[in-house]
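Read through the structure below, which is laid out as structure tokens, and then see the notes.
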Number of protein chains: 2
Amino acid sequence: MTEATRRERLRAETEREIRQAARALLVESGRDAVTLRAIARKLGITAPALYRYYDSHDALLRQLCDDICADMAAALYADLAADTSGQVGCQVRAVCHAFRRWALAHPQEFALVFASPRDPLGADQFGSVFLQLAGRLIASNLVANHADDDVPEILHEDLVRFQQVLMDAVSVHGVVVEDSVLNLGKIYHVVQSWVRLYGHVALEVFGRFPFAVSNPEPMFDSMLDQMLTDIGFAEDA
Amino acid sequence: MTEATRRERLRAETEREIRQAARALLVESGRDAVTLRAIARKLGITAPALYRYYDSHDALLRQLCDDICADMAAALYADLAADTSGQVGCQVRAVCHAFRRWALAHPQEFALVFASPRDPLGADQFGSVFLQLAGRLIASNLVANHADDDVPEILHEDLVRFQQVLMDAVSVHGVVVEDSVLNLGKIYHVVQSWVRLYGHVALEVFGRFPFAVSNPEPMFDSMLDQMLTDIGFAEDA
DNA sequence: CGGTTTCAGTGAACGGTGTTTACAAGAGTT
DNA sequence: AACTCTTGTAAACACCGTTCACTGAAACCG
């Protein structure tokens with residue numbers, strides 16, 4: 001069964017503990033508390049030992065980001081699977097709600113992954129759930145028609161590239177899409193939806209709304225309604 | 001002329017240099033480089049001397065945030081003043097463009113001020129330019145009518161509070177507004193615009209668009225058009 | 001003017017950090 | 001049993017925030 005040697009198993013186990021400790025420190029005390037020595041202390045070893053597993057503190061933080069993305073993707077997929085309606089509109093709602101819920105429950109992780117002026121995001125882990133859903137959404141016939149000429153010509157080149165990314169993301173899951181369905185107008189609205197979703201969630205997590213919102217959830221729901229209408233869903237819920 | 005004593009002048013000058021050094025370090029090398037010892041080194045003094053000016057490293061960072069907000073507000077006001085059209089729609093455009101330009105030119109400052117899970121923002125300095133413009137925008141007759149019943153009832157309480165904040169912000173500048181003009185529908189759309197504006201700018205600064213956008217400016221312009229249309233401006237430009 | 005107070009700045013120290021280096025000791029291999 | 005590979009250690013370096021006792025000069029006051 002376990003083909004790994006004893007050494008490999010121990011090493012993997014230690015690495016798991018390192019990630020776990022780093023994550024706990026981030027959650028409990030913020031980014032600045034994720035310290036090599038603090039991690040080592042949690043494992044009962046010394047700091048230099050960590051260099052057998054990671055090249056530097058920075059590399060460890062990058063790994064932490066990837067872990068966070070993976071966990072978030074898992075949480076989003078779970079909430080997506082919990083929706084048994086089979087309607088794409090409901091699924092979009094479920095994932096958007098899941099994203100907000102996750103961000104509010106994990107503000108430190110959210111800040112680290114989504115609001116650091118870092119490299120352009122090793123999105124591999126994280127983006128897939130969004131991309132796949134966006135692809136399915138666009139492929140679905142429930143989506144109203146947005147003519148390509150709704151969007152400025154200057155954007156065409158970028159949107160075509162994104163179109164390709166989406167088609168790849170969908171085809172990985174075995175779904176075939178005629179590119180007539182995937183026109184640029186729809187893709188443009190998907191991007192705009194991401195802007196609004198991210199904007200609301202980030203503002204809420206960072207407390208940057210222009211006034212104190214007593215209960216932001218209805219505002220989020222309202223925005224979601226508008227978003228889905230813009231994308232082309234009838235109000236079915 | 002200068003009523004301040006010699007000591008007070010020197011102290012003020014040193015404090016100015018501290019802020020300036022801190023700002024330079026942030027811009028050049030990021031948040032983590034804003035170090036008491038690094039600042040002191042730039043001034044040719046020792047780190048403990050800084051405790052004569054700030055209670056802690058954290059207090060100094062907070063001051064830095066305030067400075068950044070003030071500078072940004074000044075930049076935004078400057079771009080606002082540069083617009084001589086007199087049309088509120090153009091002024092909104094000018095300020096939104098100024099905000100994006102500032103954020104892209106100052107990513108580290110943007111990240112520190114807008115994307116840290118901190119206290120709910122000493123918005124006093126920063127928010128004023130947005131609030132004032134939003135108030136004027138709403139007061140302007142160019143704004144289309146959004147009925148109050150467009151917005152869910154649950155939001156009314158919060159929006160009324162924001163309505164009061166806006167009216168205060170405007171009245172500070174001597175403008176009187178009849179509250180019939182400032183109805184909740186308009187206020188709601190202003191909040192939604194802030195969500196989209198912030199969302200786009202933050203995504204661009206942090207490189208979190210779902211695909212590589214070669215030139216995000218047209219996309220921003222496009223979003224701005226949509227925003228202004230939603231708020232109720234005819235396309236006049 | 002002389003004495004006193006105020007205060008910006010210093011140097012040393014404490015415990016914390018990332019990182020490098022030389023070294024020990026066990027696991028795996030031959 | 002001898003050898004290598006791997007995982008850990010301890011010591012050291014330079015840096016960090018912060019505290020404390022101190023100096024020296026400016027400001028104030030009788």
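Residue numbers start from 1 in every chain, and the chains themselves are labelled A, B, ... in the order their sequence lines are given, proteins ahead of strands.
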Check: A:Gln226/A:Arg196 side-chain N/O donor and acceptor closer than 3.5 Å: no
C:dT17 phosphate, OP1 or OP2, under 4.0 Å from A:Arg41 side-chain N/O: yes
Ring centers of A:Phe209, B:Phe162 separated by less than 6.0 Å: no
Selection from D:dC15, D:dT7, C:dG18 that lies nearest to any side-chain heavy atom of A:Arg11: D:dT7
Gap between atoms NE2 and C1', on A:His57 and C:dT19 respectively (whole Å): 12 Å
Using the 3.5 Å cut-off, write out each protein N or O paired with an N or O of nucleotides 26-28 of chain D and the distance between them.
| from | atom 1 | to | atom 2 | distance (Å) |
| --- | --- | --- | --- | --- |
| D:dA27 | OP1 | B:Arg7 | N | 3.3 |

Whole angstrom value for the distance that separates P of D:dC22 from OH of B:Tyr51: 21 Å
Nearest-Å distance for atom pair CZ/C1', residues A:Arg31 and C:dG18: 14 Å
A:Arg161 NZ/CZ over B:Phe211 ring centroid, <6.0 Å and within 45° of normal: no
A:Tyr188: ring-ring contact (aromatic ring centres under 6.0 Å, His included) partners, not counting sequence neighbours: none
Whole angstrom value for the distance that separates C1' of D:dA10 from CG of A:Leu36: 17 Å
Restricting both atoms to N or O, compile the protein contacts to nucleotides 10-12 of chain C shorter than 3.5 Å, with distance only.
| from | atom 1 | to | atom 2 | distance (Å) |
| --- | --- | --- | --- | --- |
| C:dT10 | OP2 | B:Thr46 | N | 2.7 |
| C:dT10 | OP2 | B:Thr46 | OG1 | 2.6 |

All ring-ring contact (aromatic ring centres under 6.0 Å, His included) counterparts of A:Phe110, not counting sequence neighbours: A:Phe114, A:Phe206
Candidate pair B:Asp58 and B:Arg62, rule salt bridge (Lys or Arg N to Asp or Glu O under 4.0 Å), full reasoning: CA-CA 6 Å; B:Asp58 210 59; B:Arg62 267 194 297 275; 2.8 Å; yes
Atom pair distance, as rounded to whole Å: CG in B:Leu10 and C1' in C:dT6: 15 Å
Partner set under ring-ring contact (aromatic ring centres under 6.0 Å, His included) for A:Phe220, not counting sequence neighbours: A:His97, A:His200
d(CG, A:Asp58; C1', C:dG18) in whole Å: 11 Å
Gap between atoms CD1 and P, on A:Ile39 and C:dT17 respectively (whole Å): 11 Å
Phosphate-side-chain proximity, B:Thr35 and D:dG17, N/O vs OP1/OP2 below 4.0 Å: yes
Length of the line joining B:Glu15:CD and C:dA8:P, which is rounded to integer Å: 10 Å
Sugar-phosphate only, base, or nothing, as touched by A:Tyr53 at under 4.0 Å among non-hydrogen atoms: sugar-phosphate
Mutual orientation of the aromatic rings belonging to A:Trp194 and A:Tyr198 [parallel < 30°, tilted 30-60°, perpendicular > 60°]: tilted
Contacts of B:His57 that satisfy ring-ring contact (aromatic ring centres under 6.0 Å, His included) - sequence neighbours left out: none
